[in-house]
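Order of the sequence lines sets the chain letters (A, B, ...), proteins ahead of strands, with each chain counted from 1. None of these values were measured; they are calculated from a predicted model. Values below: every heavy atom of this structure, side chains too, minus hydrogens, waters and symmetry copies.
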Amino acid sequence: MRLNKAWIVARKDMAEFKTNKYILFTIVFMPMIMGVLIPLGYFLPIQLFATEDSGPPREITLTPVTVYTNDELTNGTYYNANFTNMMVSNSIIESSYIFDSTIISTVVNNSISRNVTFYNCVVTKSNLYNPALLEDTVVANSVIIRDEDPEVVLITLQMLSFILFFYMMIPAVTPTFIASYSFVGEKNNRSLEPLLATPTTDLELFVGKTLAIFIVTMVATWVAYIVSAAIVNILAFPLLGYYPLPNGLWVVGFIMLAPIFCILSIAANILISSKVTDVRASQQIGGLVVLPVLLFVFLTFAGPAFSSVWMMIIYSIIFLVADVWLIYFSTKIFNREEILTKWK
Amino acid sequence: MIRTENLTRKFGKVVAVENLTLDVRKGEVFGFIGPNGAGKTTTVRMLCCLIAPTEGTAFIGDNEINRDPDSLNIRQMVGLLPESPGLYERLSPYRNLDFFAQLYGVPRNKREERIKDLLQMLNMWKKRDEPVGTFSKGMKQKIAIARALVHDPEILFLDEPTSGLDPRAAKTVRDFLSDLRREGRTIFLNTHNLAEAERLCDRVALVNTKLVAVGSPMELKRRYWKRTTQVQLKAISPSILSAVEALPFAKNVRTQDSKLLVDVGNPEEDNSMLAQTILAAGGKIQFISEMERTLEDVYLKLIGGGS
């Protein structure tokens with residue numbers, strides 16, 4: 001097979017996708033909407049719930065590594081600093097500016113905090129609320145977690161595996177829209193015959209057309225992943241005290257399972273395209289490809305054991321076998337003789 | 001250049017093409033004429049290696065159809081204009097042609113020049129960047145013809161190139177085909193338009209699943225009809241008829257309005273004697289000419305009105 005011929009076909013198809021508003025909408029807006037709305041929809045309520053439920057400041061017990069006693073910090077500016085395991089006692093913190101910093105497991109006791117600004121900081125498992133004097137201290141645009149709530153952590157982690165499967169729908173559903181235009185559209189437009197008359201092999205044409213759909217779908221999927229991972233991290237950090245993504249589950253999902261779902265969907269849609277003459281009919285039938293993805297949602301509900309990294313790898317292998325099987329049948333029907341004499 | 005040997009294609013029990021044996025010469029414009037369902041498109045598809053024959057075979061140059069790597073060589077040698085233009089309507093003419101030029105392996109440095117030449121010849125250069133979907137049917141057909149020629153093929157297969165076009169667009173396409181004919185390109189022309197075939201083709205084949213007749217339009221006309229001289233008279237009298245019927249070379253003398261129709265073996269020799277006889281019998285000749293038979297007459301005689 002000459003890959004350059006396949007790439008010529010793929011580039012032409014991608015140039016066509018750019019001019020089709022339905023395809024553009026699918027590959028731009030659907031991943032963006034899912035990438036933004038799903039993390040917001042699932043993590044924002046957890047965060048609000050956790051904040052409301054956290055109650056008044058509590059004394060926490062910790063073993064500090066750094067102890068500041070009888071110390072004076074005046075007119076200091078701290079940028080992008082990391083305060084971890086600190087105990088500040090009998091000290092004065094005055095006219096200081098601490099921003100873009102992380103404060104973890106730190107307690108301020110019996111001290112004076114005057115005219116201090118914490119800006120854009122993340123304060124975890126710390127207690128900055130019990131100095132002897134708290135005067136003109138501003139905690140702005142910062143997230144303060146006083147303690148870790150095991151229930152919130154559990155829900156957050158479950159949500160991480162749960163929403164992953166929404167993103168697996170992008171590589172499964174997007175090819176349904178694109179392939180229907182790519183194959184049924186080309187068939188209806190009668191542009192297949194001149195294409196078939198060129199000195200390319202059936203396999204080169206098949207790979208070229210499949211590659212165009214695959215590239216576009218996977219770019220949309222990974223963009224959705226990056227956007228959603230960023231939002232998830234921002235929303236989940238205050239709940240967990242660390243950035244949860246990327247984790248093993250999401251890496252396997254987006255690197256292995258998503259491409260496998262994408263190929264499954266493309267191959268299934270080629271089979272469907274050979275039997276229907278209408279783009280919308282193709283899309284409706286092609287939508288059934290999403291059923292295997294829904295299986296994951298149910299499996300996630302079945303328990304954490306079903307959404308582990310190893311289970312993801314097993315799912316990937318199962319669907320890889322399905323891919324090979326479907327590609328075999330797709331290439332069987334994607335040949336000149338079949339297309340011109342048997343495709344509807 | 002194109003040779004078929006008992007080429008046959010069946011779709012289930014339906015025979016689309018049966019035992020077609022043909023020989024198309026290099027540089028010839030060959031008309032392939034027949035009713036709907038006569039197997040014309042199927043034949044072209046077999047010759048372009050798009051579908052396989054059920055029986056028989058064909059050769060394009062030295063390459064045999066449906067045999068690797070000959071199939072790829074054949075597809076490189078031929079340009080196909082299918083019945084429907086089948087362009088990518090969201091793309092511009094330039095992008096359409098550039099895509100096919102790339103697939104046909106036209107080198108990058110020659111692609112732009114070739115596309116420009118073709119679009120200029122077809123008066124489409126100014127519209128090279130507009131989406132094809134906004135074009136009229138005639139304009140699309142021009143782009144489709146340019147696409148078939150973008151790799152400068154030795155053989156051109158044209159399936160109904162003027163079908164559905166308005167007279168002006170059809171004339172533009174025919175004029176362009178005449179130019180291609182002068183270039184000496186081998187052209188295989190599927191058409192229903194018998195006047196077009198008669199004007200453009202060196203030879204034609206009449207088919208109705210099987211090959212019915214093949215030859216130049218003139219040969220076919222002469223093969224099935226005697227040459228007829230028609231004499232327009234002011235009035236036809238019985239004495240004129242008797243005098244003409246008495247001529248040894250005159251056959252099948254008949255009248256049509258005020259025209260006298262006479263089958264003659266050799267009009268170049270016989271017409272002067274015919275004219276003298278009519279004048280001698282008191283006839284007043286207004287004009288005298290040979291009655292023209294058309295390819296349509298041949299078609300209707302051999303194939304009839306239906307498929």
Side-chain angles (χ1 to χ4, degrees), chain A residues 1-24 178 181-209 211-212 277 279 333-344, chain B residues 9-12 14 16 41-42 44-53 66 68-92 95-106 131-133 140 143-145 147-148 150-151 153 157 159:
Chain A
M1 191 186 70
R2 297 161 299 178
L3 276 175
N4 65 324
K5 296 279 183 191
W7 182 237
I8 292 167
V9 176
R11 276 195 307 160
K12 187 277 297 173
D13 272 13
M14 286 191 280
E16 273 207 296
F17 298 162
K18 278 197 293 189
T19 62
N20 186 322
K21 61 183 176 184
Y22 297 107
I23 292 179
L24 268 185
I178 306 177
Y181 282 102
S182 179
F183 291 100
V184 181
E186 188 142 13
K187 193 168 64 172
N188 288 348
N189 195 34
R190 301 197 174 188
S191 48
L192 267 178
E193 189 166 352
L195 181 62
L196 299 175
T198 58
T200 45
T201 64
D202 296 334
L203 186 63
E204 285 158 3
L205 292 177
F206 178 86
V207 171
K209 294 195 81 62
L211 196 61
T277 53
V279 168
I333 66 154
F334 193 87
N335 67 65
R336 288 167 163 83
E337 180 84 29
E338 289 273 337
I339 291 168
L340 291 173
T341 61
K342 292 188 181 165
W343 280 33
K344 280 185 178 173
Chain B
R9 174 68 202 212
K10 295 172 187 168
F11 295 104
V14 179
T41 299
T42 302
V44 167
R45 285 177 172 178
M46 285 191 283
L47 294 177
C48 291
C49 299
L50 296 178
I51 58 175
N66 206 36
D68 286 329
D70 286 10
S71 296
L72 282 181
N73 294 338
I74 288 172
R75 288 203 285 266
Q76 183 69 48
M77 284 171 71
V78 306
L80 170 66
L81 173 74
E83 199 170 348
S84 174
L87 297 162
Y88 298 109
E89 305 230 334
R90 294 174 190 280
L91 304 181
S92 66
R95 186 72 182 86
N96 265 278
L97 297 184
D98 189 55
F99 168 59
F100 279 91
Q102 287 181 57
L103 281 183
Y104 280 108
V106 180
V132 168
K140 287 179 185 172
I143 305 301
I145 291 171
R147 180 189 58 203
V150 76
H151 58 299
F157 286 94
D159 199 351

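Thr41(B) is linked by a side-chain hydrogen bond (donor to acceptor under 3.5 Å, both in side chains) to Asp159(B), counting only residues two or more places apart in sequence or in another chain. By the side-chain hydrogen bond (donor to acceptor under 3.5 Å, both in side chains) test, Arg75(B) is found to be paired with no residue, residues two or more places apart in sequence or in another chain being considered.
Using a 4.5 Å cut-off between heavy atoms, Phe11(B) contacts chain A through its side chain alone, with no backbone atom that close. Neither the backbone nor the side chain of Pro131(B) comes within contact range of chain A, judged by heavy atoms closer than 4.5 Å. Phe157(B) does not touch chain A: none of its heavy atoms, backbone or side chain, sits under 4.5 Å away.
Taking the side chain as every heavy atom from C-beta outward, Gln102(B) and Arg11(A) approach each other to under 4.5 Å. The closest side-chain heavy-atom distance from Phe99(B) to Leu195(A) is below 4.5 Å. The shortest distance between side-chain heavy atoms of Glu193(A) and Arg45(B) falls below 4.5 Å.
Taking CG of Leu192(A) as the start and CG of Leu50(B) as the end, the distance is 11.0 Å to the nearest 0.5 Å. Here CG of Leu196(A) is found 11.0 Å from SG of Cys48(B). Values are rounded to the nearest 0.5 Å.
The greatest number of non-hydrogen atom pairs below 4.5 Å with chain A, out of Cys49(B), Ala144(B), Pro85(B), Pro82(B), is found for Pro82(B).
The neighbour count for Arg190(A) CZ, taken as heavy atoms of other residues, nucleotides or ligands under 6.0 Å away, does not exceed 12.
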